[in-house]
Amino acid sequence: MNFFEAIVLGLVQALTEYLPVSSSAHIRILGDLMLGSDPGAAFTAIIQLGTELAVLLYFRKDIINILSAWFRCLFGREGADWRSRMGAGNKDARLGWYIILGTLPILISGLLFKDMIETTLRNLWITVTVLLVFGVLLWIVDAKSRQIKTMEEMTAKDAFIFGLGQMLALIPGVSRSGGTITVGRAMGYTREAAVRVSFLMAIPAVFGAGILETVSAIKDISAGDAGMFPGWGPTIVAAIVSFVVGYIVIIGFLKFVSTFSYKAFAIYRIALAVVVAILLIAGVLPPIEAAVA
């Protein structure tokens, strides 16, 4: 991977991470078209750190409020009983607990099925299938569901269901934001509330995955077994690009969903699935060879 290719992949990561179109699927597909091979799960996870840093910057005030309230309640500053420590009287502290609860499904599944996620599930036929299925689901759910619930109305049950939606993003093509947004809209959350929950809930999950993959890549390189990892130079460049452009995309996306539906994203997912299927049938893209080489 040269630096131009790294910049392109960083741009793609930034443009697709927050949208319900699956950034990992785009990186997987474009990697094969540009490089002749899958950039790998490690590269994908590490450059996602760039887009998550953009989330931290944009939502810094919300994050500070959540963390400070969570620690105050946890250490009994707002009541010594267990309900107070769990944020019964503080919505920001409750949200902190809900983010933790919503992170558990993807954390547990990611650890249990790590090898499958990095190999078998990166089959492009699987990607095509979930792009299509979740595109149709997003279209139907967004069109049929009411917009009546806000973040302040979230319950522990809702947080866990959001987490299950996020967990599905371990399959390239589902989309982390797409999974959380789809289940959020199905539960009646407003479009903006579903997006904000998706952003905040992604922070521990994506940062955790990125840090683990970074440590793993360092170990592999030290052992002389870098595998599909393209090198630190291009990876860092791609991560920086994804951070800068990602911040701009957050601003635009939040404005978009406050006015328009997700129909355009659903149509894009379906169209992308059709194009990739044609490329697979024509032999332009290999379904698994590049991913497991």
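We're numbering straight along the sequence, starting at 1. In this text the structure is predicted, and so the values were computed from the model without any measurement.
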For I248, give me all partners under side chain to side chain contact (heavy atoms under 4.5 Å, CB included), at least two apart in sequence or on another chain. none
Qualifying residues under side chain to side chain contact (heavy atoms under 4.5 Å, CB included), relative to V276, sequence neighbours excluded: I29, V128, L272, L280, L285
Looking only at heavy atoms, which two atoms of [X] and [Y] are closest? And how far apart?
X	Y	value
V257	R191	O-CB, 3.7 Å
A6	P234	CB-O, 3.3 Å
V21	L131	O-CD2, 3.8 Å
Y262	P20	CD2-CG, 4.2 Å
V12	T16	O-OG1, 2.6 Å
S175	S22	CB-N, 3.2 Å

In Å and rounded to the nearest 0.5 Å, what is the [atom1] to [atom2] distance from [X] to [Y]?
X	Y	atom1	atom2	answer
L95	I66	CG	CD1	4.0 Å
R94	E152	CZ	CD	9.5 Å
Q13	Q48	CD	CD	5.0 Å
L49	I236	CG	CD1	11.0 Å
I250	K255	CD1	NZ	13.0 Å
L132	T127	CG	OG1	12.5 Å

Less than 4.5 Å apart, side chain to side chain, heavy atoms only: is that true for [X] and [Y]?
X	Y	result
V195	S177	no
L168	L164	no
D92	D62	no
I270	W139	yes
V55	Y247	no
L19	Y268	no
R77	F71	no
T190	K149	no

hydrophobic_cluster_shared for [Y] and [X], side chain cutoff 4.5 Å:
X	Y	answer
V274	I281	no
M187	I148	no
V197	L56	yes
V136	I171	no
F207	I64	no

Is the backbone N or O of [Y] less than 3.5 Å from a side-chain atom of [X], with the two atoms forming a donor-acceptor pair by type?
X	Y	result
T182	G179	no
R60	L57	yes
S242	I47	yes
E153	T150	yes

Taking the six-membered ring where the residue is Trp, are the ring centres of F265 and F253 under 6.0 Å apart? yes
Could you tell me whether the side chains of S198 and R176 share a donor-acceptor contact shorter than 3.5 Å?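 Per modelled atom types, S198 and R176 side chains form a pair under 3.5 Å.
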For residues 155-183, which residue pairs qualify under ring-ring contact (aromatic ring centres under 6.0 Å, His included), counting only residues two or more places apart or in two chains? F162-Y189
Taking only residues at least two apart or on different chains, which pairs with a member in residues 79-121 satisfy ring-ring contact (aromatic ring centres under 6.0 Å, His included)?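 Qualifying pairs, neighbours excluded: W70-W97.
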E78: what forms a salt bridge (charged side-chain N to carboxylate O under 4.0 Å, His left out) with it, not counting sequence neighbours? R72
What residues, two or more places apart in sequence or in another chain, satisfy salt bridge (charged side-chain N to carboxylate O under 4.0 Å, His left out) together with E192? R196
Just wondering, more than 12 heavy atoms not from D115 lying within 6.0 Å of its CG?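 No - once you tally the heavy atoms of other residues, nucleotides and ligands closer than 6.0 Å, there are 12 at most.
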With I181, the side-chain contact (heavy atoms from CB on, under 4.5 Å) member among V141, D142, L138: L138
For the pair L9 and H26, evaluate side-chain contact (heavy atoms from CB on, under 4.5 Å) and give the outcome as yes or no after the intermediate values. CA-CA 9 Å; L9 290 174; H26 282 76; over 6 Å; no
Trace of the side-chain contact (heavy atoms from CB on, under 4.5 Å) decision for Y58 with L254: CA-CA 11 Å; Y58 186 86; L254 286 172; 3.4 Å; yes
